[in-house]
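Nothing here was measured: the structure is a model prediction, and the numbers come from that model. Basis for what follows: all heavy atoms, side chains included, without hydrogens, waters or symmetry-related copies.
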Amino acid sequence: MLNRYETPLADRRYYLQEESGRFLLDFRLPVYSLRAEARQYRGALVDAEADLTQALRYAERFYPYMSSSNGFFEKLPAEFLRDAYYQRALLRLEHLHNPAGGCADMATSYQLDTVRTSSPRWRDCKLPGSRAPLNTIELSAAKARWRDSLTRVPLLLQAGRLARADYLLQQLAAGQVGPYVRVPPLDEGPVNLTYLRSEVARRRGQYARARAYLDTLLALPNPAPLHRYALGILKIDHLNDRAGGCEDLRWVYTHDTTSTAPTHPRWRGCPMPAYRVAATPAELGAYATAYMDSVNHARELTNSGQMAQAVQILSRLLHARVAGAYIQHPLAGYSSSPYPPDNPYHNLRAATFTARAQAYVQQQEYRRAVADLDTLIEQHHWSRTLTTEAYCQRGRYRLDYLHDERGCDDLYRCFERQGQPVGPDPWRGCPQAGWARQKNRAASESNVTFRLGGLAQGKIGGVEVGFQQHDGGTGEWGFNHGPSLELEALAKPLIVAPKFSYEVEYYVIGGRLDFAAYIPLGGPKRAVDLRVIPQAGASLLGVVNVFYGYALPLTHSPLDVLGRHRVSVFINFLKLTKFGG
């Protein structure tokens with residue numbers, strides 16, 4: 001179930017409409033309220049109460065405390081809740097003989113009522129002294145008091161006033177501050193509130209309750225080291241779980257960049273790890289420097305014949321990811337971009353695989369060397385720079401040591417990327433003609449896209465197929481442009497149309513210009529209809545396009561069956577999709 005504080009303002013109206021059925025034109029009373037009134041007139045009092053209860057359940061979930069320019073979202077739920085609670089209170093008091101429930105509804109309606117009337121309206125029920133904030137100004141004041149109250153709790157804990165701190169936290173959790181109720185928490189309020197409640201419970205000896213609060217916090221994404229530290233201390237000091245507590249403290253030590261020494265009393269004598277996670281920019285920079293120093297040291301060991309030590313160092317870098325005093329942060333080396341290449345951590349790992357492959361070759365572990373280069377190429381396929389030398393090395397290792405003919409393909413890729421074969425005996429016995437085939441194949445893969453789509457022009461529909469040549473090696477998601485040759489086939493009567501086009505797509509928009517020659521293969525008219533067709537429309541990253549065009553005839557006798565208006569939907573099988581091109 002969604003929390004009313006978590007629903008975005010733009011979604012309030014949508015959810016209210018979906019959950020409550022439909023609102024009337026003034027968006028004030030939902031269908032449930034009107035049906036409850038109709039059922040009450042018919043004498044179906046229990047059903048009327050059920051309708052009001054259902055309507056209130058939905059409205060309570062989306063009670064908004066967000067302001068808008070016209071105040072619409074301030075008025076809608078507050079006024080509806082006020083009227084619905086009052087309507088159900090009267091129903092319970094006057095017909096269902098439920099004074100407790102009726103007076104509770106009266107109290108809630110009173111809290112939401114901006115205009116207090118005389119006592120008879122409230123049927124002598126005991127009314128509360130607090131009320132909900134009913135406008136933006138009152139809401140701001142209530143939130144300020146909520147923040148001030150939360151700030152007071154640590155001071156109360158420091159003074160030892162645990163009962164007062166616990167009571168204040170209970171009030172804040174219920175959304176009550178001073179004269180206001182139904183006050184939403186601040187953005188970080190629930191987290192801070194839960195942590196403070198765990199502290200109060202711990203100091204009052206309620207250890208199970210304190211742990212429950214901390215477990216709730218640690219279940220959130222990216223838990224804070226402070227909360228896990230509190231859980232570790234709780235386990236060691238009060239729950240007789242030293243092993244579990246020390247495990248929590250070790251995690252905190254590696255993730256807390258302001259940690260004290262491992263022997264500090266803060267860590268309760270638990271053995272701390274030798275390495276910490278590199279978290280700050282300075283620590284990440286120190287990690288990268290120490291990492292590269294280790295790679296260079298391993299290369300020196302390889303050159304001096306100490307291959308076993310070199311392999312040991314490089315394997316530790318790849319698997320344990322330890323360098324200097326730090327361990328690589330779990331998120332270091334990752335990027336939201338589909339091309340993470342300029343991230344130095346990718347380059348470090350590529351250098352490690354290359355260096356270990358060279359050490360394996362010195363140990364005559366040729367298959368392991370090739371396996372490392374396989375991994376490098378697979379994990380860094382997006383980087384032409386990182387993989388070029390890997391193809392060169394893998395080709396030589398396969399041909400020189402494993403007698404694997406696939407080495408020729410690697411050398412072709414290597415030479416194609418370098419421009420010319422270099423070094424003594426560059427071909428290793430591979431046919432030199434294969435280099436030209438490799439260059440042609442690579443050019444085709446990089447620069448040609450296959451297209452398939454459907455179209456409707458006038459009253460006739462058909463399909464189109466073609467190939468697009470990308471200028472400058474484009475043909476990637478997002479931006480795509482270039483000339484193309486295509487063929488259209490339209491049915492009833494059968495018409496074919498070879499055409500030349502130039503097309504551009506940029507993320508969500510696109511367009512193209514067609515020069516088409518429509519040749520009828522059926523029907524009485526056989527003249528060729530030449531047309532130029534400008535088109536524009538929507539594009540999904542250059543992959544799926546929906547274009548509208550208007551055909552301009554270039555001949556004096558255009559085909560009557562072909563209209564001027566055209567709609568086409570087609571797919572570009574770009575290179576990165578891995579299925580086409």
Side-chain angles (χ1 to χ4, degrees), residues 292 294-321 341 346-448 473 575-576 578-581:
M292 202 61 216
S294 297
V295 172
N296 292 332
H297 179 56
R299 287 172 175 166
E300 293 174 358
L301 292 174
T302 300
N303 295 334
S304 62
Q306 304 176 61
M307 281 74 70
Q309 296 181 30
V311 169
Q312 183 179 7
I313 292 174
L314 296 169
S315 298
R316 187 182 187 192
L317 291 174
L318 290 172
H319 300 299
R321 301 196 178 189
H346 291 278
N347 299 343
L348 291 175
R349 288 183 61 81
T352 311
F353 280 118
T354 302
R356 194 170 70 168
Q358 292 172 348
Y360 278 142
V361 168
Q362 295 296 326
Q363 289 182 312
Q364 299 183 359
E365 297 281 352
Y366 305 123
R367 295 192 182 278
R368 289 188 174 183
V370 169
D372 272 355
L373 296 175
D374 290 343
T375 304
L376 190 159
I377 292 171
E378 179 182 355
Q379 293 184 357
H380 301 81
H381 61 85
W382 37 264
S383 174
R384 187 181 184 93
T385 302
L386 293 178
T387 56
T388 296
E389 182 59 27
Y391 279 121
C392 298
Q393 287 187 351
R394 192 173 68 175
R396 298 188 191 105
Y397 296 163
R398 281 176 167 173
L399 292 171
D400 293 349
Y401 305 117
L402 299 179
H403 309 290
D404 186 345
E405 294 181 356
R406 290 179 298 174
C408 289
D409 294 331
D410 287 337
L411 290 184
Y412 294 149
R413 287 179 178 269
C414 166
F415 297 154
E416 179 267 325
R417 292 173 178 224
Q418 290 182 342
Q420 290 291 336
V422 294
D425 190 19
W427 294 109
R428 297 294 201 281
C430 297
Q432 297 185 22
W435 185 30
R437 290 196 301 270
Q438 170 65 20
K439 290 183 63 176
N440 294 334
R441 186 178 68 85
S444 175
E445 286 183 352
S446 300
N447 300 327
V448 177
K575 179 184 178 183
L576 287 182
K578 303 297 184 185
F579 54 87

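- The CZ atom of Arg406 sits 13.5 Å away from the CG atom of Leu411 when rounded to the nearest 0.5 Å.
- The side-chain heavy atoms of Tyr366 and Val370, taken from C-beta on, include no pair separated by under 4.5 Å.
- In this structure, Asp372 CG and Leu376 CG are separated by 8.5 Å, a value rounded to the nearest 0.5 Å.
- A distance of 9.0 Å separates SG in Cys392 from CG in Asp410, rounded to the nearest 0.5 Å.
- Applying the side-chain contact (heavy atoms from CB on, under 4.5 Å) test between Arg349 and each of Leu386, Leu317, Thr354, Leu318 identifies Leu318 as the sole match.
- Here the CZ-OG1 distance, from Arg299 to Thr352, works out to 8.0 Å after rounding to the nearest 0.5 Å.
- A distance of 10.5 Å separates CZ in Phe353 from CG in Asp374, rounded to the nearest 0.5 Å.
- Of all heavy-atom pairs spanning Leu373 and Ala390, the tightest one is CD1-O, 4.1 Å.
- At most 12 non-hydrogen atoms from other residues, nucleotides or ligands lie less than 6.0 angstrom from CD of Gln312.
- Side chains of Leu402 and Tyr397 form no contact here, defined as non-hydrogen atoms less than 4.5 Å apart.
- Side-chain contact between Tyr401 and Glu365 is absent, with no heavy atoms from C-beta onward closer than 4.5 Å.
- Nearest heavy-atom pair, Leu399 versus Cys430, reported as atom, atom and distance to 0.1 Å: CD1-SG, 3.7 Å.
- Residue Leu301 holds its CG atom at 11.0 Å from CG of Asn296, rounded to the nearest 0.5 Å.
- Nearest heavy atom pair, residue Met292 against residue Ala351, reads CE-CB, 4.3 Å.
- Of the options Glu389, Arg394, Gln393, a side-chain contact (heavy atoms from CB on, under 4.5 Å) to Tyr391 is made by Arg394 and by none of the others.
- Taking every heavy atom of both residues into account, Ala310 and Ala359 meet most closely at CB-CB, 4.5 Å.
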